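Here the structure is laid out as structure tokens; the discussion comes afterwards.
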Amino acid sequence: MKTFFFIMITIWAAVSALLIPQVFIHSTFIKHQLDKVLHLEVDPAFSGGREIAHFLDPVNDDYGEGCLSYPKHKAYTHKSGLLDLVKYSVYKPQTNARWSSEVDYIQVSFTFAKVNNDLESIHGFSHPIIHLYLDVDGKRGGKTETAFSRCELVRFDENHPWDFLIIIHGFHKSAKIISDDGMYQDRATIFADSEKKTLKVRIPLVYPKLKQILDGRNTYHYVLVGAYDPLSKGCFMPVKAKAGLKYGGGARSALSPRVYDYIPPEGKDQKQLLSSYDEDNFTYATIFPLEVTADLYIKDEKNIDPAKLAKMKKQVEQEAKAEYAENIIIIESTHSTSNTEDIKLAIALFNIQRLTEAEKLLDKILTKNPDHAVANAYKGVVTSQKAQLTENITEKIQYVEQSFVYLNRGAALARSDDERINCFICRAEVFMAIPEDVFAKNKNAEQDLTAVIELLEKQEQKNHRMIADMYIKLALCYLNQAEHDDAEIAFLKARSQPELSARAMLELVERGY
Amino acid sequence: MQALSNLLKRDPRTKLSITSTVILTVLMALNVHFFHLGSSLQDKDIISTIAGWIMFLFLVTVFFLLLYTGNISKYRRIFFVASALLFFPAFIAGMYETFGHMYLTEENLIENTASYCHIVTPMVILPYVFTKTIIFPARIFSSAASIYGMLIIWLLATLVSGKGFCSWICFYGGWDDGISGIRKKPLLKIDPENKKIRYFGFAMLAFVVLASLITLTVMYCEWLCPFKLITEYTQVINLKSFIAFAIFVLTFFGLVVVLPLITKKRFQCLTFCPFGAFQSLLDKLSLYRVRIDTEKCTQCLRCISVCPTLALSKEIILGKKTKPHITCTKCGECFKACSQGAIGYAFAHFEKYKKNPFEKIISKLENHPTLIKKIVKKIVFTVKELLSPQSLFIFSSYTLGMIIMSAFARSTVHRTINLIVNGSFLFQ
Amino acid sequence: MIFEALLLGLSSGTYCIIGCAPIAIPVFFSESMNRKKNLISGLLFFAGRLAGYLIFGAVMGALGAFTASYLDPALKRTLSNYAYIIVGLLLIASGLMYNFPRLKFCTKIKKIYKFEAWALIYGLLTGLSFCPPFFAAAARVYGGADSINGILYFLAFFLGTSLYFLPLFGIHLIKKHAQNFMLIARIVVLLMGVYFFLFLGIFNAL
């Protein structure tokens, strides 16, 4: 018996010694499996507390009352999205915070569709100014007019007059807090991540009226985004009928709010609210706040109708069948007479996973023309798939190395936009498929996909389905790098496309978009 | 010539045959190739490729010499010290390239981008049980210094090496291990029977775990860790952070440099590191341990003074116990000291089992030495050596240590060559 | 209402362990591994804890600190700092006494040292400062008007939280290494004392 156990232990020790490298090679998979059991998360107190409210704003709605345009200053040209707020989050108030300069605070965050630092602001956000008005005690106190007259040109709901204003922009080290009566002024810490396009602000809970939110009451938030102009009243750039260097355009009236983006409460529309001014009575547009309930925790459950989901899955299947059929038609009708025909055939074979035949054809193309960009790219993809099929570590690394050679060659040789699109997509897919922990190539995939999207957006006849698919791939690439905010923006951009494939729709719906 | 013969001097008690050495070295070379060389071969940068080859040759050579000579303690120490010396330059350079400075700012903490170090592990377990969150602001998934990354390394290392982590894998331990080996004799002798010193590390573990629990913050990292000096620390912006920095400096020079140098004991790892004590408690899960053959032992007590972690004492040797104290890090120092070869690696839980089935087969074959039987005997002997606890333990621990080194070693060598050729240690 | 209090105690008792165990564990197991002796000391610790809650709650309630239905974190921090300093000094004294019994200073401490009394004091100081759920419960009790029901509510809450301390008595099962455990616990007492006094007390007050 003891001999038997001795032999078993010896075999187990020998096997485990040989399997150690495999654990690291498959570490990404192991991590995700572990996560299904453990669901580890970092104490939210370090990053500002657990999110208690989360408001998504549609992409491409940075037009204020409906027709505002950006100023003509070169810092704004061809850069839409700079004043487009896509998400506003509120976090649970923290007390006795560890490793933080603010000991008691409430954190909020603003995520933009695009960020640029042409004007060299401290925080990397050159363009927007945010006015966050807070009502902490309902009708009891506060003001319905804005803090600075002739600034945003709006007024507030009389049931929720504001008590505190937090002024946030990229040019001051910290955000400024002022109370409605002017008795309290303080600073709030800004944490800016221009790569993630997010500004986080920690509002200190020092002033007694502000501190009382610790009792768990509901608070009301008005989030207004304007174009930063240090010379204007309240630093909100004015808007006129026609845009100029120092003012925005598209304003229909002298009372048009100078607000490019605003998050309305559910059931209300930004355009409608910001155009609700009354020229006859000279009253500004009235806006309504977002309600933030202190104990509301964001749940990850997405309530999707199962019948709808099943229908969508069926549509995906039908779409896949149609694509398969299309590829079969190409295969049957194409004759291998020229490189153009051959590559078309090779791609069709690849799409239906007849990889051996595809590879033969690609080799044939490359023998005749070694500088064929797309053939190199697809050859790279086919080679990388061989790496996934083999268990031998040395073979794996050899295949991956070979695939990089072809993919990089293809990308370097691509001349036309179509070629570049094909080659970059191929390369990005391989980068995303290989273990991030060993190769860390998702960043490169991100660059390739961003380039593809730019190329697709430039085209006159935009292929919206493909753009949406690329945004979803980009979002998945961000998720591989645990960049959740960027992933969210990419998913929102996919959702904002006028046309989506069934697969893209299903992906977005399953993720709650 | 003399130097070469010293280098290749073999210890008959622990050496492996040339056949076994070559087989294991080839297997190790394949692993080293994948982890240290593989990803550099697709880089266009020639310096990166050279750095990869340097690491490959170094690691394979050290491994070969370790097995061939049987001088486990010497070559293990070379490997271990190399790991420590190669870690911190790459880490510091990485910090400068990513953040522009070596210290952590609030931005790093808010974005959860602090590097998760294995020492944090004992401090986060109880708070995780009570709050279901990890009280350390690190990435969950991506990169080697992520929470899941370190969790996998820790689990694997615990099952394979147990407390051997502290002599084969930890990229901090090489500091006090190397420094404690500089002097031939200690200036200050530490009594191996001193229980307070031997178990002080466990008191540190309990203290750090309880203190972390009451504040829900990793207390050791915040205030005590000597290795903050060569990794990342919170920005010194007020008196409190200045005091913390001063403590890091004092503990580094005191526990990592001065005390190991004058006492020849691994003071930091023995008395201060909570992770070391934690691994001692988990050592029961490991496949291997150090075993004392009480029949061979002549009780000369030479092994007691050489042990750097006070794991051997008169209580163990004169009490005829077959395993050292809980602080044994499986470093192999005592193997060399024992003239009888009474101490070695063994499978855990096989205290009393002495009959190796391979020995039986070998002795049967010796009675009828035909050519075929000679060949079979050689094969069986080689298999016995390959599957011995010593070979398997060394192979496993070296592999694990080598894989962890792959995250930083080539980068340091690459940067050093870059410094010589291009005048810059940083890549940006 | 009493049932609600019990549930509140059960749901937040883990936070009580976080606050109390780091003091309770080293203190009890440095003195003795005897189950009966530690049970008595443990009960005294709980009694001290309860007394701490009731005194603190009554005083704060009388001062109207709970009418805002939350406790000012700045006030809580100040109180905790003082409590940490006092507990720290007591732990340092015990730690020195256990680890350096021959020191003159320590022989003096031994004369006034009565473990049961000190267990009560530790409980009192712990109850006065560390426990986060206490403030939530106290806010509900002392913000209201009826004092008898308030005290009963508080007792029920206290019982709910105390259940979590029962597993600590399982430590007595470690008979094999009891002496080593005590040796370690005695060093931990000193280290915890220094930590509370300096790091959580003095440095936080700076």
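This one's a predicted model, so the numbers in the text were calculated from it and none came from an experiment. Chain letters run A, B, ... following the sequence lines, proteins first, then strands; residues in each count from 1.
Proximity to chain B involves both the backbone and the side chain of Asp35(A), based on heavy atoms less than 4.5 angstrom apart. Residue Tyr288(B) touches chain A through its side chain alone, counting heavy-atom pairs closer than 4.5 Å. Contacts between Ile135(B) and chain A at a heavy-atom distance below 4.5 Å involve backbone atoms as well as side-chain atoms. Heavy atoms of Ile11(A) lying under 4.5 Å from chain B are absent altogether. Residue Ser16(A) touches chain B through its side chain alone, counting heavy-atom pairs closer than 4.5 Å. For Ser101(A), the parts sitting under 4.5 Å from any heavy atom of chain B are the backbone and the side chain alike. Of the two parts of Leu287(B), only the side chain, counted from C-beta on, holds a non-hydrogen atom closer than 4.5 Å to a non-hydrogen atom of chain A.
Classification of Asp486(A) and Lys197(A) as a salt-bridged pair holds, one side-chain N sitting under 4.0 Å from a carboxylate O.
Residue pairs meeting the side-chain hydrogen bond (donor to acceptor under 3.5 Å, both in side chains) criterion with at least one partner in residues 213-224 of chain B, sequence neighbours excluded, are Trp99(A)-Thr217(B), Trp99(A)-Glu222(B), Tyr220(B)-Gln268(B).
Annotation: salt bridge (Lys or Arg N to Asp or Glu O under 4.0 Å) contacts of Glu106(B) (sequence neighbours excluded): Arg202(A).
Options Leu159(B), Ile403(B), Val124(B) differ in how many heavy-atom pairs under 4.5 Å they form with chain A, and the most are formed by Ile403(B). The most heavy-atom pairs under 4.5 Å with chain A, out of Thr133(B), Leu109(B), Leu27(B), Ile110(B), come from Ile110(B).
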